[in-house]
Amino acid sequence: MHRWSQLFIPTLREAPADAEVASHKFLVRAGYIRQLAAGIYSYLFLGQRSFNKITAIVRREMDKIGQEFYLPALHPRELWETSGRWSVMGDNLFRLKDRKGAELCLAMTHEENMTEIARKELRSYKQLPQIWYQIQSKFRDEPRPKSGLLRVRQFMMKDSYSFDIDAAGLDVSYQKHRDAYRRIFDRCGLKYLIIEAHSGAMGGSQSEEFMVYTPAGEDQVVSCGNCKYSANLDKATSKLDAVQDLPPEGDGTPLEVHTPGQKTIEDVARYLGVSPKNKIKTLAMMIDTQDGKTGKSKSRAVVVLIRGDHQLNEAKLSTAIAGKETRPMQEEEIRQLFQSPAGFLGPLGITWAKDLKSEGPILLVDKALEGRTNLIAGANKEDYHVKNITPEKDFQPTAYADLRAIASGEPCPNCGSSLRMDTAVEIGHIFKLGYKYSESMGARVLDKNGKEVTPIMGSYGIGIERILTAAIEQSNDENGFWLPAEIAPFEIIVTPTNVGDTKLKTTAEDVAARLESEGYEVLLDDRDERPGVKFKDADLVGIPFRINIGKKVTDGTVEVVQRSTRQSQDVSIAAVTEYFQQIMDTAR
RNA sequence: CGGGGCGUAGCGCAGCCUGGUAGCGCACCUGCCUUGGGCGCAGGGGGUCGUAGGUUCGAAUCCUAUCGCCCCGACCA
């Protein structure tokens with residue numbers, strides 16, 4: 001029997017001043033967690049109980065489709081060099097040295113570790129498919145930990161990896177995960193949606209994210225109210241209305257115009273009396289890369305053209321250039337490439353790389369500019385712009401790509417209805433990795449014909465803390481929060497209003513004991529506190545049901561209060577267990 | 001990393017500008033009282049004022065450096 005008076009549940013009347021989001025405030029106030037350092041938390045009794053229940057659900061569902069491993073958190077540098085991620089991951093990877101000076105890191109995911117096992121052990125197509133998973137701590141040296149458990153440097157992740165002989169097999173493994181994830185999040189009582197996702201820096205093709213709407217989130221989700229279209233902002237597209245091109249001026253060849261002091265798109269458009277839609281916005285970026293052997297850093301220019309009224313989405317840019325990171329060009333670099341100060345940049349007069357593999361500066365052009373004519377851009381000359389610019393005629397792009405960020409209200413790409421944008425938090429991600437790791441790390445199996453083939457992989461993650469955090473964000477009020485019974489630290493709290501009253505005390509003991517013997521997780525608040533204190537605490541700590549043991553025991557009844565609705569129901573003491581047997585089914 | 005803010009008792013804060021015995025509320029301990037929404041009365045314990053250096057007869061307060069934490073922008077479960 002769990003008795004509050006014997007337990008460590010340090011509830012707080014006030015939240016720490018630095019807690020911003022609801023889940024952070026309540027996790028601290030309810031005594032679930034305490035902070036150790038930025039983005040590093042200790043999970044106390046209630047928090048750990050809740051996490052245990054979440055991981056139990058995850059494990060139960062994952063065991064239906066895969067096999068659980070336990071892998072090291074500490075990895076040698078060499079392992080991460082086989083995939084190239086030792087350098088790619090930059091400062092996000094925690095690095096350390098052992099006493100001999102050998103370099104190690106704290107794993108942020110386990111693709112390398114799992115693929116290494118596959119490489120060494122898998123020999124034949126007969127051993128495929130395989131789905132291997134694990135639930136354990138990941139470490140990421142986040143540039144900015146924030147929002148309590150939402151973005152931290154050490155966190156629990158369920159990650160799994162599938163190995164298949166071919167794409168059709170991967171489809172099956174992917175679908176198995178999709179189904180398992182739906183069962184997991186359903187059982188955790190979350191309202192979520194599945195959206196098309198940006199595949200990220202890790203490469204891969206199909207990718208979906210499981211998202212929970214909350215203002216505390218960090219992702220922008222685009223969705224259509226009419227059809228089922230929904231996507232991460234980093235992936236979302238829209239059906240744009242056609243734009244009227246300008247008529248050519250003069251002989252239709254590029255024509256310089258004097259635009260003194262007109263630097264921004266709006267300035268120039270107003271000055272020339274045209275819409276920003278007929279302008280080209282020129283963004284100058286740089287890719288910095290480090291040579292793995294010499295350690296020398298090299299930079300390469302990437303110039304992006306988008307429609308004057310559009311915004312660049314950097315994740316899309318990153319996808320277009322194979323996951324590389326970019327930074328804005330510095331004034332000096334701009335002058336060097338364009339021979340012009342910023343504010344008057346354009347694509348003319350520069351020899352652009354023929355394709356991404358060729359030498360030279362890269363010119364990426366947003367698809368919204370494909371087929372347009374007579375546009376206006378900077379002249380690469382202070383105080384001048386150029387009219388009559390037509391892509392492919394007047395300059396040769398390195399490539400076209402979808403680069404722009406869509407805005408809310410634009411037409412849905414499927415049905416044309418207005419798109420909306422909401423903030424959300426990502427709780428799970430599934431995606432088809434493809435051959436990235438199996439290829440680079442040299443995993444090979446023999447197929448039916450005795451021919452060597454590379455297995456195709458999938459990678460799938462769930463953030464354990466984020467399940468709890470999202471659940472709290474979804475269900476809280478000014479007094480605290482409530483969790484679904486499936487993931488709450490306890491299902492029922494029994495609250496005798498006065499433990500000085502022997503009758504109340506023994507009734508509470510009796511009710512709690514009977515519920516517990518029926519398999520319910522019960523917390524008995526046997527503290528010698530005033531009822532108000534106990535009610536406030538009960539409301540705070542996330543337990544979905546409370547049983548008040550008060551004056552009504554003389555009539556043989558107690559009150560059952562549902563935290564979420566605050567509705568209370570008198571139930572006869574003798575029938576309490578039966579009552580819960582009925583309502584728990586619906587609550588679960 | 002760029003920008004902003006904060007470090008004083010477990011939590012929330014005042015004191016700093018204008019240097020002179022470190023304070024308030026909550027929490028905690030003891031006693032009494034009270035018992036359906038953080039009750040009341042009385043007494044009590046607890047603080048290297050983030051750290052280091054400097055100025056000064058004297059520093060929480062002024063100066064310098066440094067560390068930590070939070071928030072806003074680029075990354076992800």
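Computed from a predicted structure; not experimentally measured. Chain identifiers are assigned alphabetically (A, B, ...) following the order of the sequence lines, protein sequences preceding nucleic acid strands; residue numbering begins at 1 within each chain.
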Taking the same atom, [atom1], in [N] and in [M], what whole-Å distance lies between them?
{"N": "U8(B)", "M": "A42(B)", "atom1": "C1'", "value": "28 Å"}
{"N": "G31(B)", "M": "A22(B)", "atom1": "C1'", "value": "29 Å"}
{"N": "C17(B)", "M": "C62(B)", "atom1": "P", "value": "5 Å"}
{"N": "A27(B)", "M": "C63(B)", "atom1": "P", "value": "38 Å"}

Confirm from the modelled atom types if [X] and [N] form a donor-acceptor pair under 3.5 Å, side chain to base only.
{"X": "E14(A)", "N": "G25(B)", "answer": "yes"}
{"X": "N498(A)", "N": "G36(B)", "answer": "no"}
{"X": "R140(A)", "N": "A77(B)", "answer": "yes"}
{"X": "D219(A)", "N": "C76(B)", "answer": "yes"}
{"X": "R13(A)", "N": "G37(B)", "answer": "no"}

Can you confirm if the NZ or CZ of R140(A) lies within 45° of the ring axis of F155(A) and under 6.0 Å from the centre of its six-membered ring?
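Negative - R140(A) is either too far from the ring of F155(A) or too far off its axis.
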
NZ or CZ of R95(A) within 45° of W86(A) ring axis and under 6.0 Å:
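Relative to the ring axis of W86(A), which defines the angle, R95(A) lies inside both limits.
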
Using the salt bridge (charged side-chain N to carboxylate O under 4.0 Å, His left out) criterion, which residues pair with E14(A)? Sequence neighbours excluded.
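Per chain and number, E14(A) pairs via salt bridge (charged side-chain N to carboxylate O under 4.0 Å, His left out) with no residue.
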
Residues forming a salt bridge (charged side-chain N to carboxylate O under 4.0 Å, His left out) with R404(A), sequence neighbours excluded:
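Counting only residues at least two positions away or on another chain, R404(A) forms a salt bridge (charged side-chain N to carboxylate O under 4.0 Å, His left out) with E410(A).
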
Answer with base, sugar-phosphate or nothing: what part of the nucleic acid does R34(A) contact at a heavy-atom distance below 4.0 Å?
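No contact.
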
Regarding I427(A), tell me which of base, sugar-phosphate or nothing describes its non-hydrogen contacts under 4.0 Å with the strands shown.
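Sugar-phosphate contact only - I427(A) comes under 4.0 Å of backbone atoms but never of a base.
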
Does the side-chain ring of F155(A) sit on the six-membered ring of the A77(B) base, less than 5.5 Å centre to centre and under 30° in tilt?
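A stacking contact exists, since F155(A) sits close and nearly parallel to the base ring of A77(B).
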
Distance in angstrom units between I9(A) CD1 and A27(B) C1', rounded:
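My rounded result for the distance is 17 Å.
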
For the side chain of E426(A), starting at C-beta, report the closest nucleotide among A77(B), C69(B), G36(B).
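Taking heavy atoms from C-beta onward, the closest nucleotide is A77(B).
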
So which protein nitrogen or oxygen atoms get under 3.5 Å of nucleotides 3-5 of chain B's nitrogens or oxygens?
none

Distance below 4.0 Å between K146(A) side-chain N/O and C71(B) OP1 or OP2:
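No, outside the criterion.
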
Sort out the partner of C6(B) for me: Watson-Crick or G-U wobble, both distances under 3.5 Å, none otherwise.
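Base-paired to G68(B).
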
